[in-house]
Amino acid sequence: MNMVQKITEQIREIVGESVKGCIDKGILNIEDIPEIQVEIPREREHGDFSTNIAMVLAKQAKKNPVAVARDIVENADYEGTYVDSMEIAGPGFINFRLNNLWLYKTVEIIHNEKEDYGRVNIGQGKKVMVEFVSANPTGPMHMGNARGAALGDSLAAVLDAAGYDVPREFYINDAGNQVEKFGKSLEARYLQLFGLDAEVPEGGYQGEDLVDLMKELKERDGDKYLDMDSEERQQVFIRYALKKNLDKIKTDLADFGVNFDVWFSEQSLYDSGEISDTIEYLKEKGYTYEQEGAIWFKASEFGVEKDEVLIRSNGIPTYFAGDIAYHRNKFITRGYDWVINIWGADHHGHVPRMKGAVEALGVNPDRLDVIIMQLVRLLREGEVVRMSKRRGKAITLSDLIEEVGRDAARFFFNLRAADTHLDFDLDLAVEKSSENPVFYVQYAHARICSILNQIVQEGIQVPAIDGINLTLLKENAEIDLMRKLAELPEEITRAAMTIEPTRITRYVQEVAALFHVFYNTCRVMVEDERLMMARIALIEATRIVIANVLGLLSISAPERM
RNA sequence: GCGCCCGUAGCUCAGUUGGAUAGAGUGUCUGACUACGAAUCAGAAGGUCGUGAGUUCGAAUCUCGCCGGGCGCACCA
């Protein structure tokens, strides 16, 4: 159950009935009542909840907002609800003051729901796929992939908590042009190991990791590929290296707390014939044409600036063709209602044509959301570190985990919305100082555990929640904390609806802050045993909330630090 | 040139879809441990919300112009 939601509905009911009453009595002249917006004001003096409905209705009613608010308040009946009083403030806000019962009820709910507290069911089991990372298996993952991994995984967790059925999917780009270049680069490195004259081709992969891969292969198989046909040899190298890299990607992501349900191979779309089927489908629909030996998709018929090539004049399909087939597979073959992709900002130009293609497949493009993630800029000693995979020498995800740890890295990436340009200061992140906000939150959790441990140590018996008198919690610090705890289900709802998981990171920081304030003003282990029990119940509820949110972010909630 | 993203305190960023006196963290300064963890708390200082207009009861938020930064605009992925 969700107390904020419940009270919001109660207030809508109270206000709605009052407005209807006013209309019937001829006090207000209103045709249709718009949706009544209820919010929790920032300032405490503005009550527990408020609505701006009077200001919204003022124009229609041809009255000034304060007068409308007065009519609504005078005709409102809130007997038997959580509302204690209503007052008019500022330019026409109606503020509601509530009986604290809703807060005590919240603590009780948290105790009863435990790790499920915060879960809501706006998704109603609807299937939504989140595709993210999808790093090229031609090398190690960079910071952009790391950010995508942290954001995508948290988004999936938030959607899951919001009642959606959410598989996580990784698209493996194991086909096409770049893989071919990868093969040529590997071949050159292999030949070099035997002192033969070979060079990594123009635009190939220069990274040292390719040398290491070929060294391993040489150790295993020796010179057996020297006499092999070049084409065949490259295929062997590609298979070997892709497997190695992909295994590394899998273990790195697992170390990062990210586990995919499906690893979807681009190559499989060729093997199954889905790419040719998809192109055939588009042809039949008349969405293609041939020009200069290439097959083009009429993207311009779907509001895109220009048309796009599907099959090059050399007969090889483009990446885009593969991506269309992939999305056809997602929406039609597998029947997803909703698909979310997380892409780097350097792919944003791809969004309109992808949506256009989806529409061409007969699928409403609104069912596809693409989150464009701004690129990560690495700073070291105040200098920007360039990260080109081609030239090698980039900070990889495994470097990052090793240096700053999973918790700090995941928290850091989830601190900023996807559309902000993120500066990742390595010196600061490496430093395990109190400046890192993840410690602030974890410390709150550890502090609570420490108190709870002490309670156990001293053999203090704590009754079940319904045996505790929560109404003794009256201090401002206690009230503020409970109000914040009550907001978790709403916070998850909002994070899911706006597909912005970073909201919950900020939320959990606020919870931690309010707990620290509480800790400094109220003692838990006090003489008055009834009060002590109430406070134990409150900190346990706080601990549950912090642990639940950190769980969504795959960050540990330590009992001591 | 065209398109997308961003511009809020010295720095890093929030700002509940148009609401009340624009908020945190960090940094600077001043205080609080002989009771549950000082990785904490309390207080002070810090603002032309890039800029100019427009929309209205009301704009950091919406519209348009301009300035600055990032990223795209391939028969690459």
Side-chain angles (χ1 to χ4, degrees), chain A residues 37 39-43 45-46 50 52 55-56 58-59 64-66 89-93 95 134 136 138 173 175-179 181 203 266 291-296 305-306 308-320 322-323 344-352 372-375 377 415-423 425 428 432-444 446-455 457-458 477 487 490-491 494 497-498 502-503 506 509-510 512-513 515-526 532 535-536 539 560-561:
Chain A
Q37 283 182 35
E39 59 181 24
I40 297 176
R42 202 177 48 242
E43 297 289 329
E45 298 110 58
H46 296 148
S50 80
N52 64 351
M55 290 179 282
V56 177
K59 198 167 196 174
N64 95 49
V66 176
F93 287 99
N95 295 336
S134 300
N136 284 331
T138 49
N173 301 135
N177 222 328
Q178 51 161 10
V179 172
K181 274 193 177 141
E266 181 183 2
Q291 188 182 304
E292 292 165 18
I295 306 291
W296 293 71
E305 272 182 68
K306 53 193 173 69
E308 296 290 332
V309 171
L310 291 175
I311 302 181
R312 301 187 198 103
S313 47
N314 63 8
I316 298 172
T318 58
Y319 174 84
F320 183 46
D323 224 6
D346 52 343
H347 286 67
H348 78 253
H350 190 50
V351 178
I372 290 300
M373 189 180 63
Q374 295 302 312
L375 300 177
R377 219 163 48 142
L415 217 40
R416 307 277 170 255
D419 60 8
T420 60
H421 300 268
L422 180 64
D423 281 345
D425 187 332
L428 186 79
K432 283 192 181 172
S433 71
S434 59
E435 284 163 41
N436 200 325
V438 68
F439 293 116
Y440 183 83
V441 177
Q442 290 181 319
Y443 182 56
R447 246 184 172 176
I448 294 169
C449 290
S450 172
I451 301 171
L452 294 175
N453 266 327
Q454 199 153 328
I455 303 281
Q457 295 287 316
E458 300 196 6
E487 285 173 26
E490 280 300 290
E491 208 52 56
R494 194 172 285 277
M497 289 193 320
T498 58
T502 58
R503 300 184 63 93
R506 292 190 286 274
Q509 282 181 286
E510 288 168 10
F515 168 74
H516 287 309
V517 172
F518 161 80
Y519 181 89
N520 278 278
T521 44
C522 302
R523 214 183 130 69
V524 175
M525 299 175 78
V526 287
M532 173 162 68
R535 286 185 173 161
I536 291 171
I539 65 170
R560 59 180 77 77
M561 303 169 61

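All chains are named by letter (A, B, ...) in the order of the sequence lines, taking the proteins before the strands, and each is independently numbered beginning at 1. Remember, predicted model here, so these are calculated numbers, not experimental data.
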In whole angstroms, the gap separating C1' of B:G37 from CG of A:Leu452 amounts to 13 Å

According to salt bridge (Lys or Arg N to Asp or Glu O under 4.0 Å), who are the partners of A:Arg447, at least two apart in sequence or on a separate chain? none

Between B:U28 and B:G65 - P atom distance, rounded Å: 44 Å

Suppose we screen for side-chain contact (heavy atoms from CB on, under 4.5 Å). Which residues come up paired with A:Gln457, at least two apart in sequence or across chains? none

What pairs with A:Ala345 under side-chain contact (heavy atoms from CB on, under 4.5 Å), at least two apart in sequence or on another chain? A:Ile372, A:Gln374, A:Leu375

Contacts of type salt bridge (Lys or Arg N to Asp or Glu O under 4.0 Å), residue A:Glu266, not counting sequence neighbours: none

Look at the aromatic rings of A:His350 and A:Phe320 and report parallel, tilted or perpendicular, splitting at 30° and 60°. perpendicular

Name all residues meeting the ring pair (Phe, Tyr, Trp, His ring centres under 6.0 Å) criterion together with A:His516; count only those two or more places apart in sequence or in a different chain, and write none if there are none. A:Tyr440, A:Tyr443

Nearest-angstrom distance, P atom, B:G46 to B:A32: 24 Å

Dot-bracket assigned to RNA chain B with the 3.5 Å Watson-Crick/G-U criterion, [ ] for crossing and | for other-strand pairs, is (((((((..((((.....[...)))).(((((.......))))).....(((((..]....))))))))))))....

Closest of B:A77, B:C71, B:C75 to the A:Asn173 side chain is B:A77

Mind checking A:Val517 for me? I need base, sugar-phosphate or nothing, with any heavy atom below 4.0 Å counting as a touch. sugar-phosphate

Of all the choices, B:G37, B:U40, B:A35, which nucleotide is nearest to the side chain of A:Tyr440 once you look at every atom? B:U40

Looking only at the side chain of A:Gln454 (C-beta and beyond, no hydrogens), which of the listed nucleotides B:G37, B:A39, B:A20 gets closest? B:G37

Value for CD1 (A:Ile311) from CD1 (A:Ile316), rounded to nearest 0.5 Å, stands at 10.5 Å

Atom CD of A:Glu487 and atom P of B:U16: how far apart are they, to the nearest Å? 14 Å

Would you please name every residue forming a side-chain contact (heavy atoms from CB on, under 4.5 Å) with A:Arg416, sequence neighbours left out? A:Arg147, A:Thr420, A:Leu422

Passes side chain to side chain contact (heavy atoms under 4.5 Å, CB included), A:Ile539 versus A:Phe518? Steps please. CA-CA 9 Å; A:Ile539 65 170; A:Phe518 161 80; 3.5 Å; yes

Is there a donor and acceptor pair closer than 3.5 Å between the side chain of A:His347 and the base of B:G72? no

For atom CZ of A:Arg535 and atom P of B:A35, their distance in whole Å: 17 Å

Check whether any side-chain N or O of A:Tyr519 sits under 4.0 Å from OP1 or OP2 of B:A38, and answer yes or no. yes

Take atom C1' in B:C6 and the same atom in B:A44, then report the distance between them in whole Å. 33 Å

Protein-nucleotide distance (A:Gln374, atom CD; B:G7, atom C1'), rounded to Å: 13 Å

Side chain of A:His350 (C-beta onward), nearest among B:A20, B:A77, B:U40: B:A77

Taken to the nearest whole Å, CG/A:Asn177 to P/B:C75 is 12 Å

Give me syn or anti for B:C33, where syn covers glycosidic angles within 90 degrees of 0. syn

Salt bridge (Lys or Arg N to Asp or Glu O under 4.0 Å) involving A:Glu308 - partner list, sequence neighbours excluded: A:Arg353

Considering only the C1' atoms, how many Å lie between B:U16 and B:A60, rounded to the nearest integer? 14 Å

Side-chain donor-acceptor pair present, A:Asn173, A:Gln178, cut-off under 3.5 Å: no

Provide, to the nearest angstrom, the distance between the CD1 atom belonging to A:Ile539 and the C1' atom belonging to B:C36. 8 Å

Between B:A24 and B:C33, how far is it from one C1' atom to the other, in whole Å? 26 Å

Grab the N/O contacts between the protein and nucleotides 28-33 of chain B below 3.5 Å, and write none if there aren't any.
none

Does A:Tyr319 put a side-chain nitrogen or oxygen below 4.0 Å from OP1 or OP2 of B:A77? no

Looking across every strand, which nucleic acid part, if any, lies under 4.0 Å from A:Ala345 by heavy atom: base, sugar-phosphate, or nothing? sugar-phosphate

Against the side chain of A:Asp346, the closest entry in B:G72, B:C41, B:C75 is B:G72

In chain order, what residues pass the salt bridge (Lys or Arg N to Asp or Glu O under 4.0 Å) check against A:Glu305, with sequence neighbours excluded? none

Each nucleotide of nucleotides 10-15 of chain B classed B (base within 4.0 Å of a protein heavy atom), S (only sugar-phosphate) or -, in 5' to 3' order, makes --SSSS

When rounded to whole Å, the CD to C1' distance for the pair A:Glu39 and B:G19 reads 7 Å

May I ask you to say what A:Arg494 touches in the nucleic acid, namely base, sugar-phosphate or nothing, with a heavy-atom cut-off under 4.0 Å? sugar-phosphate

Expressed as a whole number of Å, how far does the C1' atom of B:C75 sit from that of B:G70? 28 Å

So what does A:His516 touch, heavy atoms closer than 4.0 Å: a base, only the sugar-phosphate, or nothing? sugar-phosphate

Can you measure from CZ (A:Arg523) to OG1 (A:Thr521) and round to the nearest 0.5 angstrom? 13.0 Å

For A:Glu292, report the nucleic acid contact type (base, sugar-phosphate, nothing); a contact means any heavy atom under 4.0 Å. base

How far does the C1' atom of B:G25 sit from the matching atom of B:C62, given to the nearest Å? 30 Å

Give one of base, sugar-phosphate or nothing for A:Ala446, where a contact means two heavy atoms less than 4.0 Å apart. base

Taken in chain and number order and not counting sequence neighbours, the residues that satisfy side-chain contact (heavy atoms from CB on, under 4.5 Å) with A:Glu39 are A:Ser50

Rounded to the nearest angstrom, tell me the gap between atom CZ in A:Phe515 and atom P in B:C41. 11 Å

On RNA chain B, compare the nucleotides closest to A:Met525 and A:Lys181; which residue's is nearer the 5' end? A:Met525

Please give the distance between the C1' atoms of B:U48 and B:C67 as a whole number of Å. 16 Å

Could you check whether A:Cys449 gets within reach of a base, just the sugar-phosphate, or nothing at all, counting any heavy atom under 4.0 Å? nothing

Distance from A:Met525 atom CE to A:Arg535 atom CZ, nearest 0.5 Å? 13.0 Å

A:Phe93 aromatic ring stacked with six-membered ring of B:A20, 5.5 Å and 30°: yes

Pick base, sugar-phosphate or nothing for A:Thr521, based on heavy-atom distances below 4.0 Å to the nucleic acid. nothing

Check: A:Asn52 side chain, B:G19 base, donor-acceptor under 3.5 Å: yes

Test for a donor-acceptor pair under 3.5 Å between the base of B:A20 and the side chain of A:Asn95, counting only N and O atoms. yes

On the side chain of A:Ser50, is there an atom forming a donor-acceptor pair with the base of B:A20 - under 3.5 Å, no angle test? yes

